[in-house]
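See below for the structure under consideration.
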Amino acid sequence: MKRLLLLSFPLIYPFLTEAQALPPFIRILLKTSSSIIITGNELEVIDPFSYSPIISPLQGRLKISFNESGILLNEKPILKTYIIVKNKKNIIEVDGKVYPGKMEIILREGHLYLINDIDLERYITGVVASETPSGWPVEALKAQAVAARTYAYKLLRKNRDSIYDLTSTHIHQVYNGIQNTSPNVLLAVESTKGEVLTYKGELIEPYYHSHCGGKTESSFFIWGKELPYLQSVRCFHSEKRKWETRISKKKMASKLGF
């Protein structure tokens, strides 16, 4: 979903203290599935603990599935529940989308987790390309890059002990790889490298959305938390939309305390 960035007044600073304490990479959950198809040239499957190769480099298509013994590679058991897939060019294709970095595949609770382990700034490039039209002015793309980077750092701190840091969907930030990256997006990310939004020395909550509906709401009335930089403001958009939702009488009564 393309999103319109709507943030208030916090200043933009290079966030050097806590950001430097975090690894320069981020783990993005791309999907959970019973089978995964990865394509690329000279694909290598690596044991993440010894970092030794499990199979020789192969060309083209790699099918990853599982049975009671663990992960299967092209239907052959390898007696593993966690592997890394990479290649020399650090470019891998999944479901028609091109991703940089390497892939981690983890078998857990009857599902394969496909996680893109990627340099954080390259991830921000993919987010900006996925969240905003490439034809936007460079300054707007810069604002999106800073907001996306701030949000990523917030989740990095929160989820460092999880098997992934963020998802690739609107649940967190949309990330569809790097195949749609334009020169303006690259310029926006590179020229704001390391910059985030802070308030009183702390990372802000950099919420943004697709459409404001004419007016935003105060953070207090949404999350019960008063944030001076997330106040109700009028906003303007050339495309007007009508929103509609349905709710049962029972649920409405419950919400109103009846």
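For this chain, numbers begin at 1 and follow the sequence in order.
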_Minimum-distance pair of heavy atoms, taken over all atoms of Glu195 and Arg149_ = O-NH1, 2.9 Å

*Minimum heavy-atom distance between Glu131 and Tyr208, given as atom pair plus value*: OE2-OH, 3.7 Å

_Please report the interatomic distance OH(Tyr153) to CG(Leu203), rounded to the nearest 0.5 Å._
9.0 Å

*Please, which pairs that meet salt bridge (Lys or Arg N to Asp or Glu O under 4.0 Å) have at least one residue in residues 46-56, sequence neighbours excluded?*
Asp47-Lys80

_Are Phe49 and Tyr113 linked, directly or through intermediate hydrophobic residues, by side-chain heavy-atom contacts shorter than 4.5 Å (ILVMFWY only)?_
yes

*Could you tell me which non-hydrogen atom of Ala140 sits nearest to which non-hydrogen atom of Trp136, and how far apart they are?*
CB-CE3, 3.9 Å

*Can you tell me how far the OG atom of Ser33 sits from the NE2 atom of His111, to the nearest 0.5 Å?*
9.5 Å

*Residues which pass salt bridge (Lys or Arg N to Asp or Glu O under 4.0 Å) with Glu68, listed by chain and number, not counting sequence neighbours*: none

*Roughly how far apart are Leu62 CG and Ile37 CD1, rounded to 0.5 Å?*
7.5 Å

*Does Val128 offer a backbone N or O that forms a donor-acceptor pair with the side chain of Gln144 under 3.5 Å?*
no

_All side-chain hydrogen bond (donor to acceptor under 3.5 Å, both in side chains) counterparts of Lys31, not counting sequence neighbours_ = Asp95

*Only pairs at least two apart or in different chains count here, so list each side chain to side chain donor-acceptor pair (under 3.5 Å) that has a residue in residues 249-258.*
none

*Can you hop from Ile92 to Val45 via hydrophobic side chains spaced under 4.5 Å?*
yes

*Just one of Arg160, Lys158, Arg157 clears the side-chain hydrogen bond (donor to acceptor under 3.5 Å, both in side chains) bar with Asp165, so which one?*
Arg160

*Is a side-chain N or O of Ser168 found less than 3.5 angstrom from the main chain of Leu29, in a donor-acceptor match?*
yes

Review item, side-chain donor-acceptor pairs of residues 82-89, under 3.5 Å, at least two apart:
{"residue": "Tyr82", "atom": "OH", "partner": "Glu104", "partner atom": "OE1", "Å": "3.3"}
{"residue": "Asn87", "atom": "OD1", "partner": "Lys89", "partner atom": "N", "Å": "3.4"}
{"residue": "Asn87", "atom": "OD1", "partner": "Asn90", "partner atom": "N", "Å": "2.8"}
{"residue": "Asn87", "atom": "OD1", "partner": "Ile91", "partner atom": "N", "Å": "3.1"}
{"residue": "Asn87", "atom": "ND2", "partner": "Asn41", "partner atom": "O", "Å": "3.1"}
{"residue": "Asn87", "atom": "ND2", "partner": "Ile91", "partner atom": "O", "Å": "2.9"}

*Between Phe66 and Leu107, what is the shortest heavy-atom contact and its length?*
CG-CD1, 3.7 Å

*Flag yes if Ile38 and Ile28 sit in one hydrophobic cluster, no otherwise; membership is Ile, Leu, Val, Met, Phe, Trp, Tyr, and two members link when side-chain heavy atoms are under 4.5 Å apart.*
yes

*State yes or no: do Val94 and Tyr164 share one hydrophobic cluster built from I, L, V, M, F, W and Y residues joined by side-chain heavy-atom distances below 4.5 Å, directly or via other members?*
no

_Under 3.5 Å: donor-acceptor pair, side chain of Thr150, backbone of Leu197_ = yes

*Counting distance only, does the side-chain N/O of Ser35 pair as donor-acceptor with the main-chain N or O of Ile64 below 3.5 Å?*
no

_Counting C-beta onward and ignoring hydrogens, is there a side-chain heavy-atom pair between Ile55 and Asn74 closer than 4.5 Å?_
no

*Locate the shortest heavy-atom distance separating Val127 from Ala148; write the atom from each residue and the value.*
CG1-CB, 3.8 Å

Using a 3.5 Å cut-off and no angle test, enumerate the donor-acceptor pairs between side-chain atoms of residues 181-191 and protein atoms at least two apart in sequence or in another chain.
{"residue": "Thr181", "atom": "OG1", "partner": "Ile178", "partner atom": "O", "Å": "2.9"}
{"residue": "Ser182", "atom": "OG", "partner": "Val185", "partner atom": "N", "Å": "3.3"}
{"residue": "Ser191", "atom": "OG", "partner": "Leu187", "partner atom": "O", "Å": "2.7"}
{"residue": "Ser191", "atom": "OG", "partner": "Ala188", "partner atom": "O", "Å": "3.3"}

*State, to 0.1 Å, how close His172 and Leu155 come at their nearest heavy-atom pair, and which atoms those are.*
NE2-CD1, 4.1 Å

_Those residues that, when tested against Arg122, pass side-chain hydrogen bond (donor to acceptor under 3.5 Å, both in side chains) (two or more places apart)_ = none

*Calculate, to the nearest 0.5 Å, the distance between atoms CZ and CG belonging to Phe25 and Asn116 respectively.*
12.5 Å

*Is there a side-chain contact between Tyr151 and Leu166, using heavy atoms and a 4.5 Å cut-off?*
yes

*Going only through I, L, V, M, F, W and Y residues with side-chain contacts under 4.5 Å, is there a path from Leu43 to Ile71?*
yes

*What pairs with Lys225 under side-chain contact (heavy atoms from CB on, under 4.5 Å), at least two apart in sequence or on another chain?*
Glu205, Leu227

_Listed partners of Glu75 passing salt bridge (Lys or Arg N to Asp or Glu O under 4.0 Å), at least two apart_ = Lys63

*Going from CG on Leu73 to CD1 on Ile78, what distance comes out if it is rounded to the nearest 0.5 angstrom?*
4.0 Å

*Residues clustering with Phe258 (ILVMFWY side chains joined when closer than 4.5 Å, directly or via others)*: Ile247, Met252, Leu256

*Compare all side-chain heavy atoms of Ile118 with those of Tyr99 and state whether any distance is below 4.5 angstrom.*
no

_List the residues meeting side-chain hydrogen bond (donor to acceptor under 3.5 Å, both in side chains) with Ser34, not counting sequence neighbours, and say none if there are none._
none

*What is the distance from atom CD of Glu226 to atom CZ of Phe221, rounded to the nearest 0.5 Å?*
8.0 Å

_Min side-chain heavy-atom separation Leu30-Met103 under 4.5 Å_ = yes

*asked:* Contact between Thr81 and Ile106 at the side-chain level, heavy atoms closer than 4.5 Å - yes or no?
replied: no

*Any sub-3.5 Å donor-acceptor pair from Ser130's side-chain atoms to Asn176's backbone N or O?*
yes

*Applying ring-ring contact (aromatic ring centres under 6.0 Å, His included), name anything that partners Tyr123, two or more places apart in sequence or on another chain.*
Tyr175

_Between Leu156 and Leu120, is the side-chain contact (heavy atoms from CB on, under 4.5 Å) condition met? List the steps._
CA-CA 10 Å; Leu156 265 172; Leu120 192 136; 3.3 Å; yes

